[in-house]
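Throughout, protein chains are lettered first and strands after them, A, B, ... in sequence-line order, and every chain is numbered starting at 1. Source: prediction; values computed, not measured.
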Number of protein chains: 2
Amino acid sequence: MSRPTIAGVARAAGVSVASVSRVLNGLPATDEMVERVQRAVAELGYVPDARARSLKVGRTFQLTLAVADIGNPVYVTRMRAVEEVVSAAGYRLVVTATGPEVADEIALVRGMARGYADGLLISPIRVNDDLMKSIRECEVPVVVVGDVAAKAGVDTVRANSPKGVLLAVEHLVDRGRTRIAFLNGPTDTVPGAARAKGFADALNEHGLEPVAVVEANDFTFAAGRTASLELLKSGVGPEPRSGGTTAASRAPGVDAERGAPGSSRPGGRAAAGSSRPGVTAPAPSSRPKGGFDAVVCANDLLAVGLMHELAAVGLRVPEDVAVVGMDDSELAEQSFPPLTSVNLGSAERGRRAAELLLARIEDNDRAPRRIVVQPSLTVRRSTP
Amino acid sequence: MSRPTIAGVARAAGVSVASVSRVLNGLPATDEMVERVQRAVAELGYVPDARARSLKVGRTFQLTLAVADIGNPVYVTRMRAVEEVVSAAGYRLVVTATGPEVADEIALVRGMARGYADGLLISPIRVNDDLMKSIRECEVPVVVVGDVAAKAGVDTVRANSPKGVLLAVEHLVDRGRTRIAFLNGPTDTVPGAARAKGFADALNEHGLEPVAVVEANDFTFAAGRTASLELLKSGVGPEPRSGGTTAASRAPGVDAERGAPGSSRPGGRAAAGSSRPGVTAPAPSSRPKGGFDAVVCANDLLAVGLMHELAAVGLRVPEDVAVVGMDDSELAEQSFPPLTSVNLGSAERGRRAAELLLARIEDNDRAPRRIVVQPSLTVRRSTP
DNA sequence: TTGTAAGCGTTATCAT
DNA sequence: ATGATAACGCTTACAA
C-alpha cells in the first residue's frame, strides 16, 4: 500500500478533505473535528506532500545555500549561522555545491526557476556579466554574499577585505615586522582581487614596499603549498644575502627534521626571483635587505600551506616569519601554531544575508540593501 | 509578469500543451513542431516547474545527503564522492545538516515522506530503535553509511573500525611503541562503540595492556583538547614516576612557549588518575612504567586537539608521543606534524552508498546489501 | 463550522 | 503526430 493522501485521511475520518486541510493548518474547527482528523492522521501515519502543497501555495519553505567549495572551512561557520536564522524562521535549508566555474553557478541560478526553493544565498568566487544577469533575472530572491558591483541592484552582504588586510598589516607593523610578503589566491576571483588591492593600499599607507606577492592557483591548502615553494624559491627568502644574524640560524633541532626543498635549489638564484611566473617582486634596488619576516595570506588554507613549507625549510613561526591568515575559520585555531587570522565576519555575513533573504521574500519591492560587515583581528600564536 | 508556464509556451507556439511537453521530453514529433516549440521556449525563457513535474511523475530526481556535523572534515571527502556519482546519474544532490540528536535524525527521515527527494543517504552518529524503525518505514529508499544491526534489513556501507584500530596499533608496535593510550569519542555513538571494542581487541591481540582510555564528549577539536587535558592530568603521562630519562626532558625550547596547563595541577595526583570521571586506567600493578608513548585517536579532530595539548606541555610528536588519527581527512595532511591516520574509506563509502541508493531506486525489491570497506593506513609524520 | 469544487503546472491516456 | 483532458495531492474560494 502506498503513501496515504489527504483524501485517505478524509475518508478514514469521515470528513471532507477541506476539513482535514484546515485542521492541519490550524484553521478554526470544532474540537471534535480536530480530534477525528488527528486520530486518522496518526493512524495512517499521514505526512503531507510538500511538492503538492508548494505547487498550490507557491512557496516551498526551502532556501538554498550554494557554496563553491565545501572543503573550505570558512563555509562551515557560515552554514551554521545561516542554518540558525533560516530554521528559526520556519524554513528548511538545503545546501548545494557548485563547482568553481562561473558556468556552474549560472546554471544553478537559472535552475532556481524550477521551483526548488523560495530563495537563494550564493557567494560567487568568480563573477561575470552573465552571472549577474542571471541573478538579476532569477525567479526567486537572491542575496549574494560577496563583493559585486553596486549597480547590480541586488541585496549583498560583503566583507571589507581591504580593511581586513590593513588590520593584518597594522598588527604586523605593530609587532615590529615590516618586510611583509603577500600570499594571495587567484586574482581573477572576487576575493582575490579585493585582497590584492587591499594589500597594496595597506602597505602604501604604512610607507612600506611589498617584499613579494605570490598568487596561488586556488584558495586551497595544496595551492598554498605550491605557491609557498615559489615564494621561498623566488629569492626573497628571509635569509639576508649578506652577513647579519637572522633568526634562521638560531633554530636548532627544528630545521633538520626533513629534507628542506627550498634550500636544495641551485644556488645563486636570488636575482632571478622577480622574473619567475606568478611572483612579483619589486626591483632589487627598492627591495629591503633580508627578505620577508612576515606573510599575509589571503585565507587560512593558504596560510596553513605556507606554514608547512616554512617548517620544511626550518623556519620558525612566528620567530623567523610571522604568518597571518584570513577568515578566522576553525582551521585557524586547529593549526599549529594557532593562526592569527583576520575575522572577516563569515558567520555574521551568513546571518545578515539570511535575514536579508527572508526580508525580501516577505517584500520583494523593498530597495536593495548592501551590507558590509567589518573585520576584526583574532590574534593567535603565529604572530609575535 | 510572472513565470511562463507550459500553457504560455503552447499559446506562443500555437500548439497544444501536450505537444510542448512531448518536445521537451524528447518524444517523437515533427521537425517543425520541435522547431516551433523550441523557439517559443527560448523566447519566453521557459523553465519547467520541477514541483509540478515531480508531483505528476512521482520522482524528484533529487537525493538527500544528511550529515550530522558539517564541521567534520571527514564529510567533505564523502560529499565530494557522493556528489560525483549522484550527478553522473542525473540526480541533484542536496545536503542537509541534522543536529547531533537522534531525534533530529528521526525527524529528517520521517520528513522524507514529504517528497523532498527520491532517496536518502544518512550516516547516523547515534542509533536507537526508533531511528531504525523510521528508516525501515521511510517512504523513500535509504542507505545508511555506518554500522547498524544486520537485522535492520537496510542497505548499509560501513567501515571496518576494529580493523582500522588494529592497523594503527600494529603500526605503532612496529615502530617500537607499546605503551599505547586511546582517545575515543563518546561511546554511546556508533563509531565510538566500535572503536572502543576495536582498541581493546587490538591490544589484546598484541598482548598489550592499555595505558589509558579517555572518552571525549564529542568528536570535535574542542572536545579533543579537553579530554587530552584529562589524559595528561590523569597521572598516566609519559614522565616516569620514578627516575629514568624520558623524552620530555630532551625537548629544549619547545616546552616553555606557553603556560603548560597539564603541569600546573596540584602535585601528587598521579595515583588518583583511575578514579577520574571519563578516564579508565588499569590497576597500578598492571600499568606499565612510564605512561604512554603513543596515542590512538578515534578521529582526526581529536588527534589534532591532542597534539595541541601535547605541544602545550612540551611533548614532541612523534619523538615523545606518537599520534595516530582516524578518517584520514584533509585535516590530517594539513595538521602539523602531518598526521598518520587510518583511512576508513570515507570517499569509497560515499561512492558505494550512492551506488547502492541508485540501484535501490531502480529496483526496490532487491535484497538489502551490506558492504564493508576495508581500511588502510596513511603514514605521515606524527609517528616515528 | 463544514463541504464542494476549482486549480497550481505538469505528464500521460485517449481519441483523432 | 497531435490535441483535448484527466489526474498528481494539496489549498482555498465559495456555498451551504
Side-chain angles (χ1 to χ4, degrees), chain A residues 1-41 44-62 90 111-118 139-140, chain B residues 1-38 40-41 44-62 111-118 139-140:
Chain A
M1 114 222 161
S2 181
R3 217 174 120 175
T5 75
I6 200 174
V9 175
R11 210 175 314 119
V15 300
S16 75
V17 292
S19 297
V20 176
S21 175
R22 275 189 220 103
V23 170
L24 260 30
N25 292 301
L27 296 176
T30 58
D31 287 358
E32 202 217 314
M33 175 63 82
V34 172
E35 163 68 19
R36 292 175 68 172
V37 169
Q38 287 184 338
R39 192 204 313 286
V41 164
L44 299 177
Y46 168 76
V47 177
D49 185 314
R51 294 166 300 187
R53 177 168 211 280
S54 78
L55 181 59
K56 184 64 187 155
V57 303
R59 298 177 68 167
T60 62
F61 292 94
Q62 294 201 158
M112 293 306 290
R114 293 172 183 277
Y116 292 127
D118 299 338
E139 294 299 330
V140 300
Chain B
M1 119 218 161
S2 180
R3 218 175 118 174
T5 74
I6 200 173
V9 176
R11 209 175 315 121
V15 301
S16 73
V17 292
S19 297
V20 176
S21 176
R22 274 188 223 104
V23 170
L24 259 31
N25 292 298
L27 296 175
T30 58
D31 287 357
E32 201 217 318
M33 175 64 81
V34 172
E35 162 67 19
R36 293 175 67 170
V37 169
Q38 287 183 338
V41 163
L44 299 179
Y46 167 76
V47 178
D49 185 313
R51 294 166 302 189
R53 176 167 213 282
S54 78
L55 179 60
K56 185 62 186 155
V57 303
R59 298 178 69 169
T60 62
F61 291 95
Q62 294 201 160
M112 293 306 290
R114 293 173 182 277
Y116 291 128
D118 298 340
E139 294 300 331
V140 300

Of the non-hydrogen atoms in [X] and [Y], which two are nearest, and what is the gap between them?
X         : Y        : result
Arg36(B)  : Ala13(B) : NH2-O, 2.8 Å
Asp118(B) : Thr60(B) : OD1-N, 2.7 Å
Val37(B)  : Val15(B) : CG2-CG2, 4.2 Å
Tyr116(B) : Gln62(B) : O-NE2, 3.2 Å

Report summary line: Sorted by chain and residue number, the side-chain hydrogen bond (donor to acceptor under 3.5 Å, both in side chains) partners of Ser16(B) (sequence neighbours excluded) come out as Ser19(B)
Query - Under the side-chain hydrogen bond (donor to acceptor under 3.5 Å, both in side chains) test, residues paired with Arg11(B) that sit two or more places apart - result: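 Arg11(B) satisfies side-chain hydrogen bond (donor to acceptor under 3.5 Å, both in side chains) with no residue once adjacent residues are dropped.
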Query raised in the report: When you look at CG of Asn25(B), are more than 12 heavy atoms from neighbouring residues, nucleotides or ligands closer to it than 6.0 Å?
Result: yes
Report summary line: Counted 5' to 3', the first and last nucleotides of DNA chain C within 4.0 Å (strictly under) of a heavy-atom of chain A are dT1(C) to dG9(C)
Under 3.5 Å, N/O pairs linking protein and nucleotides 7-9 of chain D:
residue : atom : partner  : partner atom : Å
dA7(D)  : N3   : Lys56(B) : NZ           : 2.9
dG9(D)  : N2   : Ala52(A) : O            : 3.3

Report summary line: In numerical order, the residues of residues 14-25 of chain A whose heavy atoms come under 4.0 Å of DNA chain C are Val15(A), Ser16(A), Ala18(A), Ser19(A), Arg22(A)
Query - Min side-chain heavy-atom separation Arg51(B)-Ser54(A) under 4.5 Å - result: yes
Query raised in the report: When the C1' atoms of the five terminal pairs at each end define the local axes, what inter-axis angle does the helix from dT1(C)-dA16(D) to dT16(C)-dA1(D) show, to 10 degrees?
Result: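 Inter-axis angle at the ends, rounded: 40°.
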